[in-house]
Amino acid sequence: MNILVCIKQVPDMESKFKINGAGSWYDSGDLAWRMNEYDEYAVEQAVQLKEKTGGDLTVLCIGPERVKETMKKALAMGCDRGVHVADDEFFKKDSFSIAAVIAEFAKTKSFDLIFTGMQSQDRGSGQVGVIIAEMLGIPSVTTIVSFVFDNNTITVKRELEGGLKAVIKAPVPALVTCQLGLNTPRYPTLPNIMKAKKKELLSIPVAELLNVSAHQETTSLFFPEKKGGGLVLEGEAGDVADKLINILKEKTAVLA
Amino acid sequence: MKTLLVAEYREGKLQGSVNDLMAFAQKVGSDAAMFLVGSETDLPKFQGPLYLADVKNCGEYNPDVHKQLLLDTIAKVKPDMVVFSHSSYGWDLAPRLAFALKASQVSEVVDVVDGVPVAPVCNSKLRRKVASKTPVAILTLQAGAFGLSEESTGVPVIEKISTTATGKVEFCGYEQAEMGGVDLTKASVIVSAGRGIGKPENIAIIASLAKALKGEYGASRPVVDAEWAEHNRQVGTTGQTVSPKLYVACGISGAIQHLAGMKKSEFVVAINTDKDAPIGEVADVLVVADLKQFVPILTEKIKAL
Ligand SMILES: Cc1cc2nc3c(=O)[nH]c(=O)nc-3n(C[C@H](O)[C@H](O)[C@H](O)COP(=O)(O)OP(=O)(O)OC[C@H]3O[C@@H](n4cnc5c(N)ncnc54)[C@H](O)[C@@H]3O)c2cc1C
């Protein structure tokens, strides 16, 4: 099996965000970076598949130098090699351009299976995986919460609304986009972290793979207007609890 | 401006999200047509042309076939915008269409300002305006972001469509969520645990508060995915939709998929260390505190009442 998993590095969502000077994206200073949550499930599933069928597992990530830290985690989880597509301006690219870069890399590699997250936590577009598959002309299934590979066929469950699932079969080569809860992503062990340091981590400048122009542009980034405007309580826990109890007595019937 | 609205059908029923699509068309003041792979037994109350493919032949989930039907319809309608719901149907089909049409797709649109769609970034902490550079733009709409002001009463003018296209994947059937156990929809108080509880043992803190308030405890998705709570306790789009008298969200950031399941609660209290957590937008009271410290104190005080 020749497997590719595509990951993205995203900021911790609990960060305090600031808008950059151009007003077009968030400022990347002072942020803690991590692997996109959905991609952790993609990496885990790819590693499990590789462990079952043997073969070779490549992890690909587009971004500046710092994304190598996140790639090292994927390598420590069990990916065999890393491909870093070096791009300091990746945050300006739309889903179509990102997908085009990955498809350009993948088109000559005959991957049997490609895993991506169903969306990124920062942009949440949920497009990249599907577009890669369309560009490569292979089937894709989105939002999977269960994955079985057998006899050159994948049987997956797509998650729909309200807990309903759809069972889908597709032949390989195929691409799947992974949803939260697909599996339990492993924690890299210390020996595996050490081993990961020796694994191949190739860098390719994005210009070598990018041959399309963007379909869209983020023209401005801003904070949403605060509409809620509920009461904010802060301070010593006992005092706050008393205040909250008084509010509940006044505004609800639950303490009556 | 012309829009094509893509309605959806599941388990033999038209999905309610069609109202979001119609509200959107109303808001942007467009000349709208609708597309549906469905049946005449359950039609949208849409005033205008409806391009209808028979779900019996085309399947409820068959992306390649639905894509071809859409491409044929688009060739006739020549819309400037094709609009889906940001649902499991929409986010799966829209990018396939976008690629085929070489069109820009803007996902999870929450608003349109001066004709430019606005989409959330970083769990709704930020928003961005996205300008499309292609002749046709594809949008998927966040559930509930566009609401109909009044019940629609239209009657569609049906044009039947079909295709000989076949799909690359095989739909083998639906699997229902397992039921049984606690029924959150009946609880008048729900105290929910989010990832902020940190470890499974802390479910006990949440359950004690729920008990003191004579309610049930619920959970956000990561807590259920980690198997710290059963699936029937999950609140949100892929879990339960609840509307208790009181909802207490502990260590829950307030992602849209969680909010969709609890925003109709009568009174919402959030307990979170992050003052900027999006849950603050729907909370009547936001307590900025570490839940591990605060919740036990609150529980003791309530018990002592
Ligand atoms: C298609 C789809 C469907 C989904 N369906 C659902 C669904 O049905 N239900 C659902 O819940 N999610 C759903 N999700 C996931 C959703 O997007 C979020 O990932 C999820 O709701 C986050 O859960 P959380 O708030 O518990 O965790 P996080 O987002 O990680 O937030 C944890 C919060 O805890 C706070 N915190 C941390 N430590 C403490 C502490 N000691 N004291 C107090 N606060 C603390 C943090 O500030 C943060 O705000 C779905 C996602 C997708 C893509």
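Chain identifiers are assigned alphabetically (A, B, ...) following the order of the sequence lines, protein sequences preceding nucleic acid strands; residue numbering begins at 1 within each chain.
Using a 4.5 Å heavy-atom cut-off against chain A, the contacting residues of residues 223-236 of chain B are Asp225(B), His231(B).
For Phe222(A), the parts sitting under 4.5 Å from any heavy atom of chain B are the backbone and the side chain alike. For chain B, the nearby part of Val145(A) is the side chain; its heavy atoms alone come within less than 4.5 Å. Looking at Met118(A), only its side chain comes within 4.5 Å of chain B, counting heavy atoms on both sides. Heavy-atom distances place the backbone of Gln121(A), and not its side chain, under 4.5 Å from chain B. With a 4.5 Å cut-off on non-hydrogen atoms, Ile247(A) touches chain B through its side chain but not through its backbone.
A salt bridge links Lys16(A) with Asp276(B): the distance from a Lys NZ or Arg NE/NH1/NH2 to an Asp or Glu carboxylate oxygen falls below 4.0 Å. Note on Lys67(B) versus Glu134(A): salt bridge recorded, some NZ/NE/NH1/NH2 to OD/OE distance being below 4.0 Å. Between Arg127(B) and Glu225(A) no salt bridge is recorded (no basic side-chain N to carboxylate O distance below 4.0 Å). The pair Glu60(B)-Arg158(A) does not count as a salt bridge, with every side-chain nitrogen at least 4.0 angstrom from each carboxylate oxygen.
In this structure, Leu180(A) and Arg221(B) approach most closely via the heavy-atom pair O-NH2, 2.8 Å. Lys133(B) and Ala214(A) get closest at one heavy-atom pair: CD-O, 3.8 Å.
Considering CD of Glu175(B) and OG of Ser146(A), their distance stands at 8.0 Å, rounded to 0.5 Å.
Contact count against chain B (heavy-atom pairs under 4.5 Å) is highest for Pro224(A) among Pro139(A), Ala237(A), Pro224(A). When the candidates Ser220(A), Gly181(A), Ala166(A), Ser125(A) are compared by the number of heavy-atom contacts under 4.5 Å with chain B, Ser220(A) comes out ahead.
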